[in-house]
Every structure is written in C-alpha cells, then in structure tokens.
Peer 1: 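Please see the structure below; I have some questions.
Quick caveat: nothing in here was measured; it's all calculated off a predicted structure. Both counts, for ligands and for their atoms, begin at 1 and track the order of listing.
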Amino acid sequence: VILLNDFQRQWAETGSEVLATFGCVAASGWYILGPRVKQFEKSLAALWGMNHASGVANGLEAIEIALTALGCRPGDKVLTTPLSAFATTLAILRIGATPVFVDTDAFGLIDLELCRDLLNTRQDIRFFVPVHLYGNSLDLRELGRLQNEFEIDIVEDCAQSILSTFDGVPCGSAGRMAATSFYPTKNLGAMGDGGAILTNDESLKGSIEILRDYGQTGKYRHEAIGWNSRLDEVHAAILNDVYLPRLKPWTHRRCQIARSYLDGIQHPAVRCLGSPRGSHSSWHLFPVLVPPDRKRAFMEWLQSQNVSCAEHYPTAVYRQTALGKASFEIATECATAERICASEVSLPIHPYLTDGEIRDVIQVVNSWRL
Ligand SMILES: *Cc1c(COP(=O)(O)O)cnc(C)c1O
C-alpha cells in the first residue's frame, strides 16, 4: 500500500541517529527547557529566516499563546478561515475570543480581498489568524499591508507551510508572529507532539517564554496566567540533530513529486489544485478536486488500488458540533470553501515515496473510470 506518510521508512533511514540522540539527552539528565531546546530554537529560526523561535507543546497552543501575547482577550473578534485544521479555530475559542469566518479563494486560502472589504467596515476586528493551507503561501505583501493599514495583529498559522515562500519571502514573516506544529505528519514532524512560535520581535519572545512556563518570570514568581506548554529536550534534540538537517532535501523531494503529479495527472474529472502566482509551496499536501457527487467513488477507487488518500477538509469549521457551544460569526457567504470541502481529495506526497510509486499513483488516478 502507498501510504500518506511512511514512518517506518523514515525510521529505517533515521532510527540509529534518533537512538543516539536520545541516548545523549537521557545521559545528560536535563529533560525540560534545557540546552537542546535553546539549540533547536536557534537552528529553526536560522533555517526559517526569522530572528526568534520558541518551542511549545503543540501547534494549537502555539496559536493560543501567540494571540495571548499580543493581547487577545475573551470577547475579542478574530478573523480566520473556515477551511483548516480544527485547531486554528479551537485556539481562538480556547481564549474565549470570537472567530469571524471569511470565505476562501479557489486555492482554499482565505480571500484577502474579502478580508480587506470586511476590515474596512469593521473596526471591532483586531486580530487575524490566516492559514497557509496545504503548503501554499498567502500573499505576504498584502498580509503586511492589512496589518499596517487596519492596525490588526496577525498570527500566521504555518503548521503546513514551513519553508514555503511568497515571491522569495518566507511564510510567517509578514505577521507579528507565526505558529507551527511538529505533529508527526507535518513536514517537520517530531516523534510526538511539539510546536513553535516564531517572531522577529524580541519583546514578544520574552512574553511567549513566560506564558509557556506557568506565566513564570523567575523562580516562584508568576505574573501571568500561563500554560504548561513546553517542548521536551528529547523532541528538540531529535528535531535539531536528525530531522531539521533533512528538512530542505525532504521539501525538495516533495516539490519533485508535486511536479510529477502536475505533469502526469490527466483526467477530465480530476483537477490538481496547484499554487497561486507567487506562492512557492512546501507541498505539505497534494490536493486534487473531483466532482462532489463522485468524491466517494474516487476515494474508493484509490483505496482499491492500494493508494491511500484523505480529505482536507470535509467539513467547514463553523459546521462542527463544538461550534454550537461557542460564539462565532460567518461574515461572508463561504461558497468557495464549501465547494472545496465537497470536492477535495489529498494524494500521497511524503518524501519517502519511490519513483515507481509516484508513477503508480499517476497511473491509478488516470485510469479511474467515472
Ligand atoms: C496541524 C495543524 C494545527 C495544529 O497543530 P497541533 O500540533 O496538532 O496542535 C494547526 N493548524 C493547522 C493548519 C494544522 O495543519
């Protein structure tokens, strides 16, 4: 079976290095917020092209802590997308803030023209959590302009877009902060949960480091209502020594696979979603669109041919049952996001796919009988 993520192949290639790194941390006797977290934060920030990175426990809390550090409080309105992992909206809800949903464009990215129109009429929206979905980057210049013109604070959700760029500029550098996740399936995945917040603003780094550690400003001095949201030394060391050095080659391989799919997939009812002009994707996912009434059949065909597939995402966030217990706003009709929910299927695009498997995926897609 061709898997969406092949952790066994990854282990076969990296396992001995992971075990050696684990041994070093174990022997050091320092397991939480020590030198390996600091070292990883430095290497991650350098590779990303940002000034500061702070490790946290997961991507959800990365967004929560970033918004809190920027002053987001219960009742505040936060602009965001209805087409994302649930965690994007959950972070806003956990603060007690109110998500305000705006439709996406044809690439599934929140529509920045609609955002501009809304911000023009709505002075009460002070925060914005855009998502660089599937690995595609939103227009970073326009994000920067929205932030300045409307004096809003932006936290970019970069859980799917580590190393993505827009016109050569790194994703995550347009807002006040960027949040990312090291959930195992992400492009830079740990062997467990993890996340990070990136920023170019040194004072924000200070606030994040207080908030992630019980709101502690010094030993037994608690000045904020914080979290226990720390990245472990073991995870940081494995990321730093074993996975981070492979991230560029892994991303390069994802790009090669995407290129093969874009060239090779030719079927009247299967359209590759592709990338908007200016976006250089990290290809976290490879989404294709099929007619909504044929989506089940297409997924069953792939599975019958031993090609794994998934949906990102089958349901607009505001339709989730949990939202019934929360306050939220649907600011524009979300017809485009809904259409993507109804028609999107993700094909395997992990870096351990072989050339033969890439050809097989293309052949299976192209031979689907409607
Ligand atoms: C994975 C993901 C998150 C959440 O990250 P966790 O580490 O699982 O909490 C948030 N946003 C997006 C877009 C994601 O893909």
Peer 1: For the pair D193 and K186, find out whether any cationic side-chain nitrogen is under 4.0 Å from an anionic carboxylate oxygen.
Peer 2: no

Peer 1: Take V56 and L231 through the side chain to side chain contact (heavy atoms under 4.5 Å, CB included) test and state the conclusion after the steps.
Peer 2: CA-CA 5 Å; V56 294; L231 183 64; over 6 Å; no

Peer 1: Do any N/O atoms on S181 end up under 3.5 angstrom from N/O atoms on ligand 1?
Peer 2: yes

Peer 1: Measure the distance from atom 4 (C) of ligand 1 to every protein heavy atom, then report the residue, atom name and distance (to 0.1 Å) of the closest one.
Peer 2: A87 CB, 3.5 Å

Peer 1: Parallel, tilted or perpendicular: which fits the ring planes of F40 and F182, with parallel below 30° and perpendicular above 60°?
Peer 2: perpendicular

Peer 1: When you compare ligand 1 with S84, is there at least one nitrogen or oxygen pair between them that comes in under 3.5 angstrom?
Peer 2: no

Peer 1: Between T89, L83, D157, flag the one that comes closest to atom 13 (C) of ligand 1 by a heavy atom.
Peer 2: D157

Peer 1: Identify, by atom number and element, the atoms of ligand 1 in contact range of T88, meaning under 4.0 Å from any of its heavy atoms.
Peer 2: 11 (N)

Peer 1: Would you say the side chain of H350 lies within less than 4.5 Å of the side chain of Q10, judging by non-hydrogen atoms?
Peer 2: no

Peer 1: Taking the six-membered ring for Trp, are H222 and Y214 parallel (under 30°), tilted (30 to 60°) or perpendicular (over 60°)?
Peer 2: tilted

Peer 1: For N187 and H284, test the side chains for any donor-to-acceptor distance below 3.5 angstrom and give the result as yes or no.
Peer 2: yes

Peer 1: Evaluate the ring planes of Y261 and F286, with Trp represented by its six-membered ring, and classify them as parallel (under 30°), tilted (30 to 60°) or perpendicular (over 60°).
Peer 2: perpendicular

Peer 1: If every non-hydrogen atom of D241 is compared with every non-hydrogen atom of E17, which pair is closest and at what distance?
Peer 2: O-OE1, 4.3 Å

Peer 1: Is the closest N or O pair between A159 and ligand 1 shorter than 3.5 Å?
Peer 2: no

Peer 1: Give me the nearest non-hydrogen protein atom to atom 9 (O) of ligand 1 as residue plus atom name, then the distance to 0.1 Å.
Peer 2: L60 N, 2.8 Å

Peer 1: Run the numbers for me: atoms of ligand 1, each under 4.0 Å from some heavy atom of A85, listed by number.
Peer 2: 2 (C), 12 (C), 14 (C), 15 (O)

Peer 1: For V131, take its heavy atoms, then give the atoms of ligand 1 lying under 4.0 Å from any of them.
Peer 2: 13 (C)

Peer 1: Select the closest option to atom 15 (O) of ligand 1 among K186, H132, H312, judged by heavy-atom distance.
Peer 2: K186

Peer 1: Give the atoms of ligand 1, by number and element, whose distance to some non-hydrogen atom of G59 is under 4.0 Å.
Peer 2: 5 (O), 6 (P), 7 (O), 9 (O)

